Asker: 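One structure coming up, written as structure tokens, with questions to follow.
We count ligands from 1, going down the list as the structure has it; atoms in each ligand are counted the same way. Predicted, not measured: the structure shown is a model, and the values here were computed from it.
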Amino acid sequence: MKAEFNFRDYATYAQMKHWMKNIEFYYPNFTKNFQIGTTSEGQAIHGIKIGTPTKAQKKRAIWIDGGIHAREWAAINTALYFINELVAKYGVNDEITYYVDTLDFYIVPCLNPDGYEYAHTRTADPLSFRRMWRKNRSKENCIDIENGGKSCCKGVDLNRNFDIHWGLETRDPTTSGNTTSIDPCSDIYQGPRAFSEPETRALRDILLSPELKGRTDAYITLHTFGQIWMYPFGHQKGVYPDDKNDLESVGRAAVAALAKAFGTKYRLGNSADLLYPAPGSSVDWAKGVAGIKYAYLIELRPPPIRLTGFILQKAQLIPCAIETWEGVKVVVDAILKLHN
Ligand code: VAL
């Protein structure tokens, strides 16, 4: 591998972009950097396309993103690790070579760089407010509250901001708390309107662009934590896509392949059934509006027991990425089967 990266630690956003640019420099024949948009703080939302160009008809594509939530750092590392697997093993490993020659991988490892950088800025307390930041960093929004007061805060929960059942009132069955909010100071603030945020608009626009529309067969969005492999729809219990059986059988094979690596156990299901209803999410939109067949949201390590689960021990980063890649390869194989 000509472009080195330290997967044992959490990088800055600048380091990630620098590494992706290095990859393109060293592997210009099958990699290309791209930018899907600009955040409210002016940062490029940066990604990399990995796929050998063909003169023949357009290749099928797979989309992978990570870090839509600022504090879910292991998701970003995992997406970066996927890039490394594809690039370092191209021309070396037959399976990966076939993938890269046959498909186009679009990977945006850090969809919310403003939030990530904010959460990543060092503070003395590892569990500080900053480290646990979830939203983006868009300018303050306000709502009127009782006694003529106002509630004003920065940031929107990007995974509540997509235009699919946006703003639906939902409750967590265990705590009875809301699972999306109209209060700008809430962690799960849905935004003033659907697609109010540059990050969600950027994702929408690329997935609906002529480059990707109609040829994308998988949408994979990496989150932490809880070890759950999820398929749509997450906004309400008991509402599934028509091809739920396909999503479930590929998902089942994926979690089995994942477990084979180190024995890590994942549950399979959807957010509303296993956790809580989540309207306006990217995975529901990718499936329900963009029409992408294999849409999955993966909640990575650790298991759902600890409050500090967002801070995955550094020693676990590579194993987490390795096993997740085993699961994702099952989805890639399913795409290849669709067209052969
Ligand atoms: N943890 C995710 C979220 O709250 C759900 C949808 C699985 O966005």
Asker: Would you tell me whether Y98 and N93 have side-chain atoms, one donor and one acceptor, within less than 3.5 Å of each other?
Answerer: no
Asker: For ligand 1, which atoms have a heavy atom of R160 less than 4.0 angstrom away?
Answerer: 3 (C), 4 (O), 8 (O)
Asker: Under a plain distance cut-off of 3.5 Å, with no hydrogens placed, do N159 and S281 share a side-chain donor-acceptor pair?
Answerer: no
Asker: Could you tell me which atoms of ligand 1, counted from 1 in the order shown, lie closer than 4.0 angstrom to a heavy atom of Y276?
Answerer: 1 (N), 2 (C), 3 (C), 4 (O), 5 (C)
Asker: Looking just at side-chain N and O atoms, do Y118 and E41 make a donor-acceptor pair shorter than 3.5 Å?
Answerer: no
Asker: Any disulfide bond (SG atoms under 2.5 Å apart) involving residues 166-271? Give me the pairs, sequence neighbours left out, ordered by first then second residue.
Answerer: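 Only C153-C185 qualify under disulfide bond (SG atoms under 2.5 Å apart).
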Asker: Within the 4.0 Å heavy-atom shell around N159, which atoms of ligand 1 are there?
Answerer: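 Result: 3 (C), 6 (C), 8 (O).
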Asker: Less than 4.5 Å apart, side chain to side chain, heavy atoms only: is that true for H46 and M20?
Answerer: yes
Asker: Pick one of side chain, backbone, both or neither for how E72 approaches ligand 1, counting any non-hydrogen atom pair under 4.0 Å.
Answerer: neither
Asker: Run the numbers for me: atoms of ligand 1, each under 4.0 Å from some heavy atom of A278, listed by number.
Answerer: 6 (C)
Asker: Can you establish whether the number of heavy atoms outside K32 located under 6.0 Å from its atom NZ is more than 12?
Answerer: no
Asker: By number and element, which atoms of ligand 1 are closer than 4.0 Å to a non-hydrogen atom of H69?
Answerer: 3 (C), 8 (O)
Asker: Among all protein heavy atoms, pick the one closest to atom 2 (C) of ligand 1 and tell me residue, atom and distance.
Answerer: E299 OE2, 3.5 Å
Asker: Y90 and D101: side-chain donor and acceptor closer than 3.5 Å?
Answerer: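 The answer is yes; a qualifying pair exists.
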Asker: Would you please name every residue forming a ring pair (Phe, Tyr, Trp, His ring centres under 6.0 Å) with Y296, sequence neighbours left out?
Answerer: W229
Asker: What atoms in ligand 1 come closer than 4.0 Å to a heavy atom of M230?
Answerer: 7 (C)
Asker: If the cut-off is 4.0 Å to any non-hydrogen atom of R134, which atoms of ligand 1 fall inside it?
Answerer: 3 (C), 4 (O), 8 (O)
Asker: Taking N or O atoms only and a 3.5 Å limit, does H223 qualify as a polar contact for ligand 1?
Answerer: no
Asker: Return a yes/no value for S271: is any of its N or O atoms, backbone included, closer than 3.5 angstrom to an N or O of ligand 1?
Answerer: no
